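First the structure, in the form of structure tokens, and then the observations on it.
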Number of protein chains: 2
Amino acid sequence: MRRAARRRRTRQLEQVFEALKGDHTHPFAHEIYRRVHQRLPRISLATVYRNLHSLVEEGKIRTLLLDGQGARYDPETREYDHFVCERCGRVDDLFLRRARRRIDPISLAKRGYVVTTHNLMVHGMCQGCAARRRLSRPRVRGTQALTRASVWRQQ
Amino acid sequence: MRRAARRRRTRQLEQVFEALKGDHTHPFAHEIYRRVHQRLPRISLATVYRNLHSLVEEGKIRTLLLDGQGARYDPETREYDHFVCERCGRVDDLFLRRARRRIDPISLAKRGYVVTTHNLMVHGMCQGCAARRRLSRPRVRGTQALTRASVWRQQ
DNA sequence: TTGCTTGCAAATTTTTTGCAAAAAC
DNA sequence: GTTTTTGCAAAAAATTTGCAAGCAA
């Protein structure tokens, strides 16, 4: 169950991290594999998974879980939130300064919880989809309400 | 991708909902199957999945996706948050009144986002695990727990 | 050299699907 | 009766594992 901490720096590990660094699209394991595979044609998907896990354990990247598909990976480890477009599936980073302060760790501590981190997921429609929708459906007494999101997937 | 809306009320659907109603432990599909199976021994896991999907679509339950395992199901559909214990895996409902309005839909709307809903996931250690830990590691100049709590950053 | 890490293929886990039969309406 | 839903088994998708060989330290 518990896997031993990584000790050696390998080309594979390095390339997996490189493939993700600076990327804000939150790619899936397979896309990362595709990228690394261009540089290391002999790498296997299993190794990509193993290295992604290592990086998560080291705290160099994090996992993001959303509905439907598999895990997505994120090189941004600062504490921040995400916006998930229910139309196209894109995931944006949100840096909501004000929102952050409104969570009250004290009240949780009073109830006996020890808080290490938290994550906010906002669901809706992204700019692009909202615009596209406005074009195809000219407004008639307000747009039709979106269906309520009933699925949350987070780490 | 899109499945037709359910039209008929069946014993199976009813029992799947009954098995979940009032349950705050956020069980996995398999546990729900186990429960329903006691009342309807011929039900199949596939049917449980299909009915869980129907219920989600009807808005009577919701899905909760967390790291590691599969989906968990939740009969509570009001907007509220979750606490995930990283020790034992339990998931508690959190009704954080103050936190409720923590996101600022206006600032998101300005950026072009259409927000339908949002959800907060708080990670850490639950009461039970924190207590157990306190027992095994007697405090020496402040508990480990407090140290971890201070990891909380509000930036 | 030592033993961690990789590649490969096979295994696991979780969820979905095709289809004929059963159940609703 | 007609159409939806079920049960079964098989398929799919995503991720993990065993193991011999490869490579970093």
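In the text below, chain A, chain B and the rest are named by the order of the sequence lines, each starting its count at 1. What you see is a predicted model, and the numbers here were worked out from it, not measured in a lab.
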Side chain of [X] - closest among [options]:
X	options	answer
A:Ala29	D:dC19, C:dT16, D:dT15	D:dT15
A:Ala71	C:dC8, D:dT15, C:dT5	D:dT15
A:Leu45	D:dT6, C:dG7, D:dT15	D:dT15
B:Tyr49	D:dA24, C:dT15, C:dG7	C:dT15

Exercise for review: Examine C:dT6: is either OP1 or OP2 under 4.0 Å from a nitrogen or oxygen in the side chain of A:Arg6? Give yes or no.
Suggested key: yes

Review point. Can you check whether B:Thr10 has a side-chain N or O nearer than 4.0 Å to OP1 or OP2 of D:dT4?
Key: no

To the nearest Å, how far apart are [X] [atom1] and [N] [atom2]?
X	N	atom1	atom2	result
A:Gln15	C:dT6	CD	C1'	15 Å
A:Arg8	C:dT6	CZ	P	10 Å
B:Arg39	D:dT6	CZ	C1'	19 Å
B:His53	C:dT17	NE2	P	9 Å
A:Glu14	D:dA24	CD	P	10 Å
B:Phe28	C:dT12	CZ	P	20 Å
B:Arg9	D:dT4	CZ	C1'	14 Å
A:Gln12	C:dC4	CD	P	17 Å

Exercise for review: Output yes when A:Arg11 and A:Glu14 qualify as a salt bridge under the 4.0 Å nitrogen-oxygen rule, no when they do not.
Suggested key: no

Exercise for review: With salt bridge (charged side-chain N to carboxylate O under 4.0 Å, His left out) as the test, would you mind laying out the steps for B:Arg111 and A:Asp92 before giving the verdict?
Suggested key: CA-CA 12 Å; B:Arg111 301 187 219 174; A:Asp92 291 348; over 6 Å; no

Check your understanding: Taking N and O atoms by type only, does the side chain of A:Arg42 place a donor or acceptor under 3.5 Å from a partner on the base of D:dG22?
Key -> no

Review point. If you find the nucleotide of DNA chain C closest to B:His30 and the one closest to B:Arg11, which residue's nucleotide is nearer the 5' end?
Key: B:His30

**Study point:** Nearest-nucleotide comparison on DNA chain C, the residue closer to the 5′ end among A:Leu40 and B:Thr47
**Key:** A:Leu40

Review point. So, do A:Asp81 and A:Val122 sit near enough that their side-chain heavy atoms are less than 4.5 Å apart?
Key: no

Study note, to complete from the structure: The side-chain contact (heavy atoms from CB on, under 4.5 Å) partner of A:Thr63 among A:Val56, A:Leu52, A:Leu55 is A:Val56

**Study point:** Flag if over 12 foreign heavy atoms under 6.0 Å of CZ, A:Arg34
**Key:** yes

Exercise for review: Give B:Ile43 one of three labels, base, sugar-phosphate or nothing, depending on what nucleic acid heavy atoms sit under 4.0 Å from its own.
Suggested key: sugar-phosphate

